[in-house]
Protein chains: 2
Amino acid sequence: MISICSLNADVLERLYGKGARECSVPDTQANLVFSQSREFDLVELEQLLQTVGWSRRPVRRVRRALDHSLLKVGLWRHDLRFPRLVGFARCTGDGVLEATVWDVVVHPIYQGFGLGEEMMDYILDALREMGLERVTLFADPGVVAFYEHLGWQLEPEGRRCAFWYAN
Amino acid sequence: MISICSLNADVLERLYGKGARECSVPDTQANLVFSQSREFDLVELEQLLQTVGWSRRPVRRVRRALDHSLLKVGLWRHDLRFPRLVGFARCTGDGVLEATVWDVVVHPIYQGFGLGEEMMDYILDALREMGLERVTLFADPGVVAFYEHLGWQLEPEGRRCAFWYAN
């Protein structure tokens, strides 16, 4: 994907905060922006998550989870008045030794343009800037090949992932 | 393992903070205490990690990582004046939807008494109290059977763990 910078740097920072990064999707009129500081409307976020079939989570819990996340990234379809959220991801971690990526999603109509890869680049750049040397995630079966393609190592040194569920 | 309560509740709270839990190891004179609030001496922590062969990490980074951890648990060999750190584990996460366990260690001379299992019980109780319904971890090959025995599910629903390394 070829990124075409078209937004004024002042507009970019005012609407999307420091460190925002523009990208664009060929054959659409959309300017898209990655931001780690623009606030989310939790109803809009919930709607985005539901477009990829994720189960509803109570808004109050989601708000607290976001408040305690290390990094939250929004992918916004730029509009001077009403930017729309079309992608999302977040990380938990200590920001020093460990960071774990969760909830990576791109709206179905924006899939297939390499935005997932750009999202991961943006996240890893932000984490690298914090000084992290290693990042982890749990990949659903459908996205294992995607992460492998991006250079992530599956079960390095024979590590296995384990989940514990209450009840 | 049979836990024998022998410490005065006031002593327990004063030395190890609220929520401390005593346990004991048969055939030793040791009273052991799990604590989530007693402060660590980072040199002592480093020494403990080295008894199980973990590589050195810069103290300044470890301090920041601990400061930004969701939960830090010490297992202390009780002494009124100089409790000694004989076990450790920590979690990162948002404390609402996600928590991940890291750096679980028991000093070799205290291994084989079920303390690892008690440690995990203590951690999961603390996380449950926060309202977490799911906890995750990355298990090294040597401890996969341990976590399975405790009821953790390996790669549930085909999830795989993926690691990204800077450089």
Side-chain angles (χ1 to χ4, degrees), chain A residues 57-58 60-70 72 90-103 120 123-124 127-128 130-148 150-167, chain B residues 57-58 60-70 72 90-103 120 123-124 127-128 130-148 150-167:
Chain A
R57 299 187 287 196
R60 205 167 43 90
R61 281 168 65 81
V62 171
R63 175 175 295 121
R64 282 200 298 136
L66 292 184
D67 286 346
H68 294 91
S69 292
L70 179 63
K72 294 150 288 199
R90 69 182 180 113
C91 304
T92 57
D94 55 41
V96 184
L97 300 173
E98 306 295 352
T100 308
V101 182
W102 303 97
D103 302 335
M120 295 311 295
I123 290 171
L124 292 176
L127 296 177
R128 228 187 307 240
M130 294 180 197
L132 282 149
E133 292 168 2
R134 165 175 112 167
V135 183
T136 50
L137 60 78
F138 302 94
D140 288 336
V143 290
V144 166
F146 166 73
Y147 289 111
E148 269 196 297
L150 297 186
W152 290 66
Q153 291 180 41
L154 296 179
E155 288 97 35
E157 298 165 45
R159 290 192 190 100
R160 310 278 300 273
C161 72
F163 284 58
W164 171 90
Y165 299 94
N167 303 321
Chain B
R57 299 188 286 197
R60 205 166 44 90
R61 281 168 65 81
V62 171
R63 175 175 297 122
R64 282 201 297 136
L66 292 184
D67 286 345
H68 294 92
S69 292
L70 179 63
K72 294 151 287 200
R90 69 181 180 114
C91 304
T92 57
D94 55 40
V96 184
L97 300 173
E98 306 295 352
T100 308
V101 182
W102 304 96
D103 302 336
M120 295 310 296
I123 289 171
L124 292 177
L127 296 177
R128 227 187 307 239
M130 294 180 196
L132 282 149
E133 292 167 3
R134 166 175 111 167
V135 183
T136 49
L137 60 77
F138 303 94
D140 287 336
V143 290
V144 166
F146 167 73
Y147 288 111
E148 270 197 296
L150 297 186
W152 290 67
Q153 292 180 41
L154 296 179
E155 288 97 36
E157 299 165 44
R159 289 191 190 100
R160 310 277 300 274
C161 71
F163 285 59
W164 171 89
Y165 300 93
N167 303 319

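Lettering of chains follows the sequences in order, A, B, ..., and the numbering in each one begins at 1.
Looking at A/Leu127, neither its backbone nor its side chain comes within 4.5 Å of chain B, counting heavy atoms on both sides. B/Leu132 touches chain A through its backbone: at least one of N, CA, C or O sits under 4.5 Å from a heavy atom, while the side chain does not. The part of A/Thr100 that comes within reach of chain B is its side chain, from C-beta onward, which places non-hydrogen atoms under 4.5 angstrom from that chain.
Taking CZ of A/Arg128 as the reference point, atom CH2 of B/Trp164 lies at 4.0 Å (rounded to 0.5 Å). To the nearest 0.5 Å, the span separating CZ on B/Arg90 from CD on A/Glu98 amounts to 5.5 Å. Between atom CG of residue A/Asp94 and atom NZ of residue B/Lys72 there is a gap of 10.5 Å, rounded to the nearest 0.5 Å. Here the CD-CZ distance, from B/Glu148 to A/Arg160, works out to 7.0 Å after rounding to the nearest 0.5 Å.
Contacts between residues 137-144 of chain A and chain B, counted as heavy-atom pairs separated by less than 4.5 Å, involve A/Leu137, A/Phe138, A/Ala139, A/Asp140, A/Pro141, A/Val144.
Ranked by heavy-atom pairs shorter than 4.5 Å toward chain B, the options A/Trp102, A/Tyr165, A/Tyr147 are led by A/Trp102. Each of A/Val62, A/Val135, A/Thr92, A/Leu150 has some count of heavy-atom pairs under 4.5 Å with chain B, and the biggest count is that of A/Val135. The choice from B/Gln153, B/His68, B/Glu157, B/Arg57 that makes the most heavy-atom pairs within less than 4.5 Å of chain A is B/Gln153. Your options are B/Gly158, B/Gly95, B/Cys91, and the one with the most heavy-atom pairs under 4.5 Å with chain A is B/Gly158.
The shortest non-hydrogen separation linking B/Val96 to A/Arg61 is O-NH2, 3.1 Å.
Under a cutoff of 6.0 Å and an axis angle of 45°, A/Arg134 and B/Phe163 do not form a cation-pi pair.
At least one donor-acceptor pair under 3.5 Å links the side chain of B/Glu155 to the backbone N or O of A/Cys161.
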